[in-house]
Structures are given as structure tokens and as C-alpha cells.
Colleague: 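Before we start, here is the structure in question, set down as C-alpha cells.
Everything quoted here is computed from the prediction, not taken from an experiment.
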Amino acid sequence: MFNEQTVTENGIIDRLKGLNGVKWNYCHGESLPKQTHDIFVDTWLKDGLCSLNPDIGKNPDYADEVIYKLRGLMLEAKHTGLVKANENFHEWLMAEKSLPFGENGDHITIKLIDFDTPENNHFVVSQQVHFIAATEVFFDIVLYVNGIPLVVGEVKSATRPSVTWQDGAADFMGGQKHYWKNVEPFFVPNLLCFASEGRTFAYGAINARVKDWGPWHKTDQRDEIPASLATVLDSCEGLLNPETLLQMLESFALFSTVKTGKDTPPKRIKILPRYPQFEAAKQIVERVKKGYPKKGLIWHFQGSGKSLLMLYAARMLRADNKLKNPTVLIVVDRRDLDSQINETFGGADVKNLIKVQSCRKLGEHIEQDSRGILITTVFKFKDVEIDEKNENGLNSRDNIIVLVDEAHRTQEGSLGDKMRWALPHAHFYGLTGTPISGIDRNTFKLFGAEEDEGRYMNRYSYKQSIRDKATNAVKFEPRLAELRVDRAAIDEAFEQMVKDNDLDDDEKMALSKRAGRLAIMLKAPKRMAAVSEDIANHFVSHVKPKQMKGMVVVYDRDACVQMYYLLGKKLGFDAVEVVMNVDQAPIKDEDASKKGKVNKDWRKWKQELELPIIESDFERWQEIDGNDQKQKSLIEDYKDPKQPLQLLIVTAKLLTGFDAPICYCMYLDKPLRDHTLLQAMCRTNRLYETDNVSKQMGLIIDYLGVFENLRTALAYDPEEIDGVVEGIEAFKELLPAQLDKCLSFFPNVDRTIDGFEGIMAAQACLPTNEKRDEFAASFGVLAKLWSAINPDAFLTPYRADYKWLVQIYESVRPVGQTGSLVWAALGPETIKMIHEHTDINRIRDDIDELVMDEHAIFTLTEKEQEKRASQLEIDLMGRLRGSGNPKFIALGERLEKLRQDYEAGVIKAIDWLKGLLDTAKDTVQAERETGDSPVTQEDNKQALTKLFLETRPESTPKLIGDVVEQIDKIVKAKRFKGWQSSNSGPREIQKALLLTLAQFGLGKDKELFAKAYGYIEEHY
């Protein structure tokens, strides 16, 4: 029998037990020497405290005091929140706490773990660990170090197609189990959690969202990694071996403060590295300690987390005693990158952090031998004067390590020379997503050590980052061919103009120079108006419904302002803003300078667009450009989904190093090339996830045909660049086949039949969970394609079939948590369509009569029972789904269990129907309590008669039919609005019912009387 325990759980445990080097000892959860409410294994923890702390070893009672204090920390989470409690416990794990256990009451540092000699610790892997807090749970796998549960793993079955590691992760994050909330104390000491279904593996920190979980591989695994148990076991061996876990705990577990929105308080989060960051940071430290070579190139694709990589490396370098208090210099090449790096380091409370404010200060810090982490831009080296005779520069120490972000452009010129002269014996490490290999500028030559194969020390490619879901794929769509710059047509028109005006060669040359510039063509008013119109329409129809934002990249600063007024007029000026370099001179200076002319042009454009001339526009852009705090505040507005700012208009600023995950679409109307093009398009590749939005890709709308010659423009190895961008046209090619694949699940089903019959016919083609999972997986691909293309007119001929599939998908989707993350992975437009076009919620023909007439089911044939049950189940699922009410979720999970039992042959059709009737009755009751929907429909006044006529077997005595008919006649004759709560109403109905039953000799049957009266009272 293949299930989660026999395959995945035991497979992982066997691999961990058999590791080379330091091993995990095995102990089943039932055999752990602890009570079910204990978090620590006290005996192991006490042994560890005594062996690692000599003063405690001499007096073991001290160990009990430490354990008592640690238990107190477990209760903190409900007051401080889980992350803060975890951070406080982390300080104990890092030996940052002391107690007066030394001679004469001296304070000694308390060691819970020996990081230097791993074999001095006690490592235990356990399974099915029973724990009781607010609720009772059995954790699949727990890893204990010295009796402290540092790792918890959840595994799922490997045999259901729709189940993935995300379903294991869901047990931590939400649903019925919701470990991080329901059994919070157990996770106060936690380092990491992991999840697997036996094919894939992922890990995450406490309170991480799905997008923050990641796989664990090696950066030299370049190819596609198969989904298999072997892959899972390799990941477990790589991450969960004792040495790696202790390194992760000691050097890589970070706590950081992040802003979640302009008007919401900052949030404390825990951060763990992805494997490329872990690998590369360790390589930097090892190479620095070795002392040679004194440089290295780290080539990690844009968006894969180079800022955090530098943070990890800097902390490790500073913490290593062998490096004798080094200086780490973080060098960036733009002011906005400087701000971003400072935010990353500052949010993580990095010690000895120095933000270099000026060129003079940088020189002082270097000459005065400042120790710590210095963050600066390369431009602050501009005042350094190189003295060829001085070989020692400004500081000749060899424990200065320079980490250069975006290692290209400015590093190759005089600024780079000055930096290297100032620090002649320093180590230099370049980090880039877009290395340059040209003759004039060459990142490989500058930072790549000859000893490294390929001249890079560590490499993490675009394909790897997409494969690992560290970044999103970026799609592009060419737009408006008629607005492209058509050189041939322009040349033809120009020649005609020369001919018409009889211009000589000199006049022709002068005119050609002025009129032939690309800027003139791109900024032609008619073209700008047409592009802005297209951007506004596309944004409103494609981007806004996704609850994400966009960027507009135009030719120059003049075009920024022109586009601002054009888009502001269409979308509202609170929705758009410009970020660009602006001359900081006063605006009143109206001389012939370029600044004066630009300002006049802005005024002219506003007049042409019939907009009021507001001088403060220019001053505002000056302030955004010149004031770091203003720009930071603007970017926070942009990142906040609740703020009205939707589109940033730029030309050069924010094209590199700008990290705003909410940015989904870039409208590109500027000819970019080389690394700048790749960096720019990667503004859209960041992962983004909220409660109701999950970004599946980035999108580039290309107004210039930039991507038509992508390989040439980027000048990279074609194999490397292949797939960096994928066209929307490719999606259009894939969609029809995917639609056919989904429809092929329903051979010979008439899609024109509405209501229950149509849905039941389709559901009959998906009789088992496995078949439904296969359909869900295929439909998930179709929904993503649809979401990417929608609302393109291309979809029109496919819309009816897609709506039909949407309804079938909704009718079989589980209501509870089983497979929920996989089943919910649809685009916002598809979810909206599901809500708009799901007819199930409006099918109410059978539920009330079935609820009230339970005894009728015994007279049904097996086939009739099945039909009745299917109808009732469809209606119940329609009513239960979509409500966040816990009552309805619980009823839905009951329904799913009932269905699975029926499919597995555990219960027969009659028991299935009885169970459905019970659920239906409870649903009606819950609807009445919550006011969710009406329980009685106008056309349902004679439900008992209708039910009887539809379901009676031929052998039913005529007497029963007559009784049924007479009971419904009482309803029609005697009821009046509000009769149940009046004085005389109940008496009148009871009297009429008694007389009716007496007519047929049934007056003494009290059970029949009670059921009949209950039916009348409930519905009428």
C-alpha cells in the first residue's frame, strides 16, 4: 500500500539515518521520553546543558533552572506573536544569554548547541510526534537537536496528482490544522519547516507565505530536475544534514522589519536563505579566509536575491574571528540601489553598519581604518586622487572585503581604478545578473578569477530561478505595429518632401539631421497620444483587474512629462507619477539653458492638452529626485495596493535595482539594449502574493519591437537567453489544444444541457478523486493561459466552452482543505468568471424536499438513490463553497469525506444519501442562523407531493399517495403568513392534520404525525 507514511515519511527518515558523517539517531514519536504536552525532550536537553556548560555540569540543578526559563519563552508567542517569540528563543540558541552560575555568582554564557563541533550534539529524527496544545496534532517528522525541536516536516501522499508540497505547507499556514496558530508554542524554538508529497520538496520559515518557500538543490544542477522521490531525498540530505542545519541556524536565520503598507505598522518577519545565497555566501567567506584568489564573480539572475546574499556574506565575514575584525565595503552604482541595500541591512538590525554620506566621509572612513560594514556608491570615490608613487593607497589592510553590486558599467572606468588604488590589498567580489563580455567593458575580466571555470565563482541562471520559482517568467507582447518607427516609410516621405521643396544637398543634410533623430519620431504628438491611449486601455482591462501595478518606460525626460499629462488625463493624476533625474537649479531661471527650455515645453504640452498650468509639478519632480525620503515615500505608495498610485513613468531611474513585486506590467517605449534591457524587463519578474492575488508572470508590452531581435540585442549565449521572454502569441498557439485536452475528459457529454442534468453528466466522467485531480491539473494550465491572454478578442470563439469548463471545475472542487492550494491556483479573472458563471448556486429544486422527507429514501432503487444523492451533493457544494464561514467549511469537509467513503466502497448509496440528507439539514439550519440565503423558494409550495411523485416505486400503495396529497392540501388551505408564531395557527394546522390522518386510519401513529407536522412547520 503506497501512502504518505510508507513512501515519503519512511523514505526521508531512512535517508537521514544513513547519512555520512554526523548522523541522525531514530526514535519513534511513541517512544520519545516526554509527555504529549511537552515541547522539549527534557532529559536530552538537560544532558546537553550539562555536557556543553562545565559550570552546569558541576551542578545539574542549574540545568533545571535553564529549562524552566526556556519553558517560559514558549508562552510568549500568544503575547508577542510567534516571530518575536522565535527571535527571543533564537538569542538563547546563539548563546547570547547568560546566567549567574559561575564562581561567586559570576554570569556565564549558556550554550544550548555546540556549533564548532557538531558531533558534540545529540541529533534525533522522530516521526508521528504527538503534541497537545489548543488542539491535538501528530507531526509527521520532527528533528531534535539536544532535545529541542528545530525542524518540523509534513508529508502527503505521492499518489494523488493534484497534491503537492503546498498541501503539506498548508497544514502550517491555515486550514483546520494551522499549526503556526493552533499549536503555536511548539514552533517557538523552530528553525525551519519543510513539506513534501514524495515528488517535490520545499522549506520555509515560520509565518512564511507560499511564495517564500523554496526548493533545495545545488547551483551546478543546471538542467530540469525531475519530480521524484530520489529528488526529495537528495534535497533532504542537502538541507537536513546536521552540518547544514547548524550553519543555517548560526549564520543564515535572519529577523527583519518590513513595511506592509503605507498606513499599516511594520511587520517582523523571519528570513531563511535560498540555496544559491547559502552556497555563494559560504564561498565568499571560505575564499577570503584562504586568502587567494582575491576576487570572484557571482552571476545570479535578476530578482534572485543578491541584496540578501551580500547581507549574509557581510554578517559571516564580520562574525569570523579568524578574519580579525574586518571591514566589509558594500558598493553600489546607483543612489536608488544604495537606498535599497540600506533598507535591507537596516531592517535586519545588522550590527556595526555605517552608511557613508559623502565622498569626504568615505575617504575618512578608509583612512581612519573604520571597522564594520560600510555602504556606499562607487561615485563617492570620484574625489580620490590616485598617487602613482604610493603603493599603499588609502588603506593597505588585507582584511578589507569589497562586495560590488551590479558589477558592470562604472566599475570598469576611472571610478573602479580609484577604488582599487585606494584599497590595494582588498578582496573584490562582483555580483551581477547581467555580466558584460565586450572588448571595452568586461565584467568577467574585472572580477572573474582565472582559477574559476568560466571565470565565475558561482552561477545561478534565469532558467534555474524560473524552475525553482525564485522569480517569475516574463512574457512580452508586441503592440501597435502601425505606431512602430517605420524607417523605410519615413525615408520615402522625406525624399518626397525634398523633391517637392526643391532642396539642395546642404539643405537636405541639415533637415535630415534635425528631423531624422529617433527622439523626434518617438515623441511625435500623434504617436504619443496613440501610445498613451493604448496604455490606458490595456492597463484598465489587463492590469487593474489583477490588482497589480505597472511602469511606463519612455525615451527621455521630455517624453516622461508628456506621457504624465496624457495618462493623467485618462486615468486621473493620482494614479500616475514621474520619477526621473531633474536639474536641481531653481525653476525661475528662464535663460537659454536646457532646463529652461524643458520647463517651457512642459507648459506648452499642458496648454495643448487644455490642462491648468501648475508650476508645482516641476518642483515636485525636483523634490522626488533630490530628496531620498520623498522618493522612498513615493515608492512605498506604489508598493501599497491600497494607495491610488498605479503607474510610474520613468526613462532611466528605477530601471535597475528597483524591487517592487506588485509591478506586473512594463510598457516599453524606449530602445533599450544589452544588460539594461534585461535588467529593465526584470522589474516585472519578482514574486508577489497577497490573500487574493498570486502573480504568475511578468508582462512587457513592447511598442518598439525591441524583443524581436532579443538574442542580438543581449549578445548572450543563445541557449542561455532562450526563454527569457515568451510571447503572448505563443500562449495563443497553446490555448486551443489545452482547451481540447480539458474537454476530452467529457466524451459525448451534451454541453447545451443546463442545470443538474448537465452537471451530473459531466461529473459522471470524473468518478474518482484521481480523475478529478487530473482534470483540475489540466484546467489549471488552461486557466493560466486564459488569464494571460484575456480579454483579447482571440478568446471569443472559445468563451462558451471555457465557461462550461469553469462551472464543471467549480462543481467538483473540494470545499475543504484537501488539495486546496493546488485547486485554487487560478488567475483572478478565472476566479471572477467562476463566481459570475457558476450556476450551481442557483439550482435549488431538490434540497428542501429531500431534507424534510427522509423516510422516502428507503423506497428508492439503488440507481435512483445515486441520482438523488448526486443532485443533492451538487446543490450542497454550490451552497457551501465560497463562504468563509467556518460552519460551511466544516460542512464542506464532511461532504468531501462522505464522497470519498462512497467512492472507496466503504458505504452504499443509501448511506451516502442519508449522510447527504443530514448535511443538507445542517446546511439549511446554518443558512438560517447566518442569514446566508433563503431556505424556501416560491415554486416549492408542494414539495412533498412533487418528491413523492418523482421517487415512488410502482408498488407503492395508493393510500400513501392519497395521504401525501392531503397533507399538501392542508398547507394550501390552512396556512397564512406568520402562522407558526400566532396563537391559533399551530392549533388549526395540527387539528386539520389529525383529521386528515384519521380519515386513513392513521390517527394514532404519533411518529407519522410528528414528521408531517415538522415538514409543514419548517417550510410553510
Side-chain angles (χ1 to χ4, degrees), residues 735-736 738-780 782-783 786 795-815 823 826 830-851 860-882 892 895-896 898-899 902-903 909 912-913 916 919-920 923 933 937 939-940 943 946-947 949-951:
L735 183 126
Q738 193 63 30
L739 185 76
D740 288 343
K741 184 178 178 183
C742 291
L743 291 173
S744 70
F745 282 87
F746 311 101
N748 307 318
V749 172
D750 185 349
R751 298 197 290 279
T752 62
I753 298 174
D754 293 330
F756 277 128
E757 284 188 35
I759 288 171
M760 284 171 64
Q763 284 194 346
C765 301
L766 306 171
T768 63
N769 273 335
E770 283 68 29
K771 202 70 180 167
R772 278 192 282 273
D773 286 342
E774 282 178 43
F775 169 64
S778 293
F779 181 77
L782 177 65
W786 189 277
L795 296 173
T796 303
Y798 308 107
R799 211 167 278 276
D801 283 342
Y802 185 67
K803 283 182 184 176
W804 185 83
L805 287 167
V806 158
Q807 292 176 75
I808 303 309
Y809 173 88
E810 181 72 354
S811 79
V812 296
R813 181 171 65 85
V815 183
W823 281 72
L826 304 174
T830 301
I831 290 167
K832 188 179 173 192
M833 190 181 282
I834 283 173
H835 293 160
E836 286 175 359
H837 299 287
T838 299
D839 295 327
I840 305 158
N841 293 320
R842 293 189 283 280
I843 298 172
R844 298 272 165 115
D845 299 348
D846 296 305
I847 186 166
D848 299 317
E849 38 187 89
L850 279 164
V851 169
L860 300 176
T861 66
E862 182 84 10
K863 198 165 184 182
E864 286 169 328
Q865 288 168 25
E866 236 181 274
K867 185 179 177 187
R868 279 315 205 177
S870 293
Q871 291 180 343
L872 181 56
E873 184 183 52
I874 289 166
D875 189 55
L876 282 172
M877 290 194 86
R879 295 171 80 148
L880 295 171
R881 185 177 289 111
L895 205 59
E896 184 70 14
L898 200 61
R899 171 205 273 169
Y902 178 62
E903 282 174 12
W912 178 31
L913 183 47
L916 289 169
T919 311
T923 301
S933 61
Q937 303 294 327
D939 62 348
N940 198 23
K946 282 166 70 177
L947 176 69
L949 292 172
E950 284 178 23
T951 60

Colleague: Say you draw a straight line from CG of Leu795 to OH of Tyr802; how long is it, rounded to the nearest 0.5 Å?
Modeller: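 Reported to 0.5 Å precision, the distance equals 9.0 Å.
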
Colleague: Taking only residues two or more places apart in sequence, or in another chain, which ones meet Gln763 in a side-chain hydrogen bond (donor to acceptor under 3.5 Å, both in side chains)?
Modeller: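 side-chain hydrogen bond (donor to acceptor under 3.5 Å, both in side chains) list for Gln763, sorted by chain: Ser811.
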
Colleague: Between atom CG of Asp773 and atom OG of Ser778, what is the distance when rounded to the nearest 0.5 Å?
Modeller: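 So the CG of Asp773 and the OG of Ser778 are separated by 11.0 Å.
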
Colleague: What pair of heavy atoms forms the shortest contact from Val749 to Ala762, and how long is it?
Modeller: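 Looks like CG1-N, 4.2 Å.
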
Colleague: With sequence neighbours excluded, tell me which residues meet side-chain contact (heavy atoms from CB on, under 4.5 Å) with Asp750.
Modeller: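 By the side-chain contact (heavy atoms from CB on, under 4.5 Å) rule, Asp750 matches Thr752, Ile753.
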
Colleague: So which heavy atom on Leu805 is nearest to which on Cys742, and how close?
Modeller: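 Heavy atoms of Leu805 and Cys742 come nearest at CD1-CB, 3.8 Å.
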
Colleague: How would you list, by chain and number, every residue that makes a ring pair (Phe, Tyr, Trp, His ring centres under 6.0 Å) with Phe746, sequence neighbours excluded?
Modeller: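 Phe746 satisfies ring pair (Phe, Tyr, Trp, His ring centres under 6.0 Å) with Phe775, Trp804 only.
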
Colleague: What residues form a side-chain contact (heavy atoms from CB on, under 4.5 Å) with Lys771, not counting sequence neighbours?
Modeller: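 Expected list: Phe745, Leu766, Pro767, Thr768, Glu774.
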
Colleague: Which distance, rounded to the nearest 0.5 Å, do you find between the NZ of Lys803 and the CD1 of Ile808?
Modeller: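 Separation between the atoms: 14.5 Å.
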
Colleague: Please list, chain by chain and in numerical order, all residues satisfying side-chain hydrogen bond (donor to acceptor under 3.5 Å, both in side chains) with Asp801, sequence neighbours excluded.
Modeller: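 Partners of Asp801 by the side-chain hydrogen bond (donor to acceptor under 3.5 Å, both in side chains) criterion, ordered by chain and then number, come out as Arg751.
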
